[in-house]
Amino acid sequence: MSPPSLIDQSVQAHHRAPVALSYELFPPRSRAAEEVLWATIRELETTAPDYVSVTYGASGSNHDTALDLVARLQEETLLRPLAHLTCVGDTAAELADIVAELLDHGVRGILALRGDLPKDGSPLPEGSLRYAQDLVELIRRVEQSRSALLCAGKVAIGVAAYPTRHPESPSEAHDVEVLLAKQRSGADFAITQVFFHAHQYEDLLFRARRAGVTIPIIPGVMPLTSIRRVTRLSELSGVAPDPVLLHALETAGSETEAQRIGVKATVELANAALASGAPGLHLYTFNEHRHALDVLDRLNLPRPSRPLHERAALVS
């Protein structure tokens, strides 16, 4: 293979310059939580992210509140929502209706996820979709049936990627094959689950590219400021956190010191991912803006400028 030309290198450098920025939010469960969430939304809005993802409970357990949040984001903010959608426990017909509902609400980005299997081991309902790949294909079918309504536009479909072996997977190589299959089914990009070591994202990127995955793989980064949250996510993901970080958080002299340590570690993790070739960052906010913005302030990301009228609206 011949080396890229100077023109190719220039084009690649140009397209690498802006770094994508996004946040994850989840629908509130109470009036008090809703007030906290909207204070966070207004703060995050000032940073002009490319999109914010909205989580969706297994089998649509919070369908109404998730859809309401998506609708409000579109009607009351300048934020673009990326709607999560899980498929386990729902039939193809049920999911097609949900996808159509999202499109009717103006959603043009969907994160297609399998979702958690029943904890009690009970069998899935007859006709239930079993894999995120199936959901990606279903979304594309619904999109095709509505191509006239979308003015021949395209829905952006995201999927999950795993920097370390998925707890139910036989190997990391299998995880990459699954990601490749989701790409072949029509996925446009991937967002990683949380990781705690810089080399884990770099290794995923290397393995995925070698296998033929070409879609953007965006690292999902969590502010590492809460030892309780770090420990909990470690248990859920099966990924061991950095013991040095855990010790530093445990022995911090104050909450302020623990937050400083956690933000510094998060910035280092994010910068390492960017240095490895990450096209952007997806920050898991847990509906809290302070630590996410602290991380963002220290990253100094190259970001595309917003039109003047949009920036004015953000601060008005």
Side-chain angles (χ1 to χ4, degrees), residues 20-28 34 37-38 40-42 44-45 47-115 129 132-161 182-183 185-191 215-216 218 220 280 282-285 287 306 310 313-314:
L21 173 65
S22 56
Y23 304 104
E24 180 177 283
L25 305 171
F26 56 83
E34 182 178 5
L37 170 61
W38 276 91
T40 288
I41 287 171
R42 293 307 180 191
L44 298 180
E45 190 178 18
T47 68
D50 296 286
Y51 58 90
V52 292
S53 70
V54 177
T55 64
Y56 186 82
S59 301
S61 57
N62 62 352
H63 171 269
D64 292 339
T65 52
L67 194 60
D68 179 65
L69 177 54
V70 166
R72 286 193 64 188
L73 287 171
Q74 291 181 299
E75 294 167 2
E76 301 176 26
T77 77
L78 292 173
L79 300 173
R80 302 180 186 93
L82 172 70
H84 290 214
L85 184 58
T86 59
C87 64
V88 164
D90 286 319
T91 65
E94 291 168 337
L95 289 164
D97 287 343
I98 295 170
V99 172
E101 187 176 14
L102 289 170
L103 297 182
D104 287 344
H105 278 75
V107 172
R108 295 296 179 265
I110 299 175
L111 189 64
L113 306 167
R114 187 197 70 173
L129 267 64
Q133 177 187 355
D134 300 327
L135 180 55
V136 171
E137 293 172 357
L138 181 143
I139 294 169
R140 288 295 180 220
R141 291 197 298 272
V142 175
E143 175 191 44
Q144 180 63 31
S145 71
R146 290 168 164 254
S147 58
L149 295 174
L150 298 173
C151 299
K154 190 172 184 291
V155 176
I157 301 178
V159 293
K182 290 188 281 192
Q183 173 182 284
S185 294
D188 295 299
F189 65 97
I191 298 174
I215 58 176
I218 302 167
H282 185 69
L283 293 175
Y284 296 107
T285 69
N287 287 8
R306 278 285 187 91
E310 288 195 14
L314 287 171

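Scored by the side-chain hydrogen bond (donor to acceptor under 3.5 Å, both in side chains) test, Asp68 finds no partners at all (sequence neighbours excluded). Every residue two or more places apart in sequence or in another chain that forms a side-chain contact (heavy atoms from CB on, under 4.5 Å) with Asp134 is listed here: Leu129, Tyr131, Glu137. Remark: Asp188 engages Arg140, Lys154 in a salt bridge (Lys or Arg N to Asp or Glu O under 4.0 Å) (not counting sequence neighbours). Partners of Thr77 under the side-chain contact (heavy atoms from CB on, under 4.5 Å) rule, at least two apart in sequence or in another chain, are Trp38, Ile41, Arg42, Glu45, Leu73, Leu79. The side-chain hydrogen bond (donor to acceptor under 3.5 Å, both in side chains) search around Ser53 returns His84, His282, not counting sequence neighbours. For Glu94, the side-chain hydrogen bond (donor to acceptor under 3.5 Å, both in side chains) partners two or more places apart in sequence, or in a different chain, are Thr91. Looking at residues two or more places apart in sequence or on another chain, you find a side-chain hydrogen bond (donor to acceptor under 3.5 Å, both in side chains) between Arg72 and Glu34, Glu76.
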Point to revise | Test log, rule side chain to side chain contact (heavy atoms under 4.5 Å, CB included), inputs Leu135 and Ile139 | key: CA-CA 6 Å; Leu135 180 55; Ile139 294 169; 4.1 Å; yes
**Study point:** Stepwise side chain to side chain contact (heavy atoms under 4.5 Å, CB included) test for Phe189 and Leu82
**Key:** CA-CA 12 Å; Phe189 65 97; Leu82 172 70; 4.0 Å; yes
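Summarising the geometry of Ala161 relative to Ala190, their closest heavy-atom pair is CB-CB, 4.0 Å, with the distance given to 0.1 Å. Closest approach of Val142 to Ala100, counting heavy atoms only: CG1-N, 4.3 Å.
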Side chains of residues 104-115: which donor-acceptor partners sit under 3.5 Å, not counting sequence neighbours?
| from | atom 1 | to | atom 2 | distance (Å) |
| --- | --- | --- | --- | --- |
| Asp104 | OD1 | Arg146 | NH1 | 2.6 |
| His105 | ND1 | Glu101 | O | 2.9 |
| Arg108 | NH1 | Leu103 | O | 3.1 |
| Arg114 | NH1 | Glu168 | OE1 | 2.9 |
| Arg114 | NH2 | Glu168 | OE1 | 3.3 |
| Arg114 | NH2 | Glu168 | OE2 | 3.1 |

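A donor-acceptor contact closer than 3.5 angstrom is absent between the side chains of Tyr23 and Thr40.
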